[in-house]
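Everything on this sheet refers to the single structure shown next.
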Amino acid sequence: MIELFFPDIYIKSIFELPLEYFKSKKIKALFFDIDNTIAPFDIAEPDCKTVNFFKELKKEGFIVCLFSNNNKKRVEFFNRNLGVFTIHKAGKPGIKKLKQAMIKFGVNKNNAAIIGDQVFTDMYCAHRAGILAVYTMPICKRDQIVTKVKRGAENIVLNIYKKKKNIN
Ligand SMILES: [Mg+2]
């Protein structure tokens, strides 16, 4: 079932997130991958534009959570200027920590979305939990070695998806 890896929404970057659509669909909780979704994996802190964007998200009433498979140190340092909820070592595509967080935030599967750059972790995780899967193109070509290995297979999935949806 290749569809389990397909995005529901495909965007170029987090700044294209369809916030009005989210509101109309009552999507309240946004679970963000960090590495290559919000920032390059080897950049320790979000830039100004990103900090302001997250401020905006909070102001708009969204529950914002960093949802990363990376370690506590990476995630907490990254969050210094964001001040949002965090989940490190998220275990994606596992959904245990996601479900716990959704209970904590008081949202159900109709009110949550995952935003991420990997189909086998982020998109698959979203579909397993039954929540909205938002794909962002990876910020940069640099990747952790383990991610690099997966990209070939990722691209096959994405190319099939794009062909189906007529995305260039
Ligand atoms: Mg990522």
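Just so you know, ligand 1 is whichever comes first in the structure, and atom 1 is the first atom listed for that ligand.
- Around the Mg ion (ligand 1), the protein N, O or S atoms closer than 2.8 Å are Asp33 OD2, Asp35 O, Asp117 OD1, listed by chain and residue number.
- Ring centers of Tyr161 and Tyr135: at least 6.0 Å apart, outside the cut-off.
- Side-chain contact between Lys58 and Val84 is present, with heavy atoms from C-beta onward closer than 4.5 Å.
- Using cut-offs of 30° and 60° for the angle between ring planes, the Phe105 and Phe85 rings count as tilted.
- Within the 4.5 Å cutoff, the side chain of Leu17 has no heavy atoms near those of the Phe62 side chain.
- Under the 4.5 Å side-chain heavy-atom criterion for Ile, Leu, Val, Met, Phe, Trp and Tyr, Leu66 and Leu132 are members of the same hydrophobic cluster.
- Note on ring orientation: taking the six-membered ring where Trp is involved, the planes of Phe15 and Phe53 are perpendicular (angle over 60°, cut-offs 30° and 60°).
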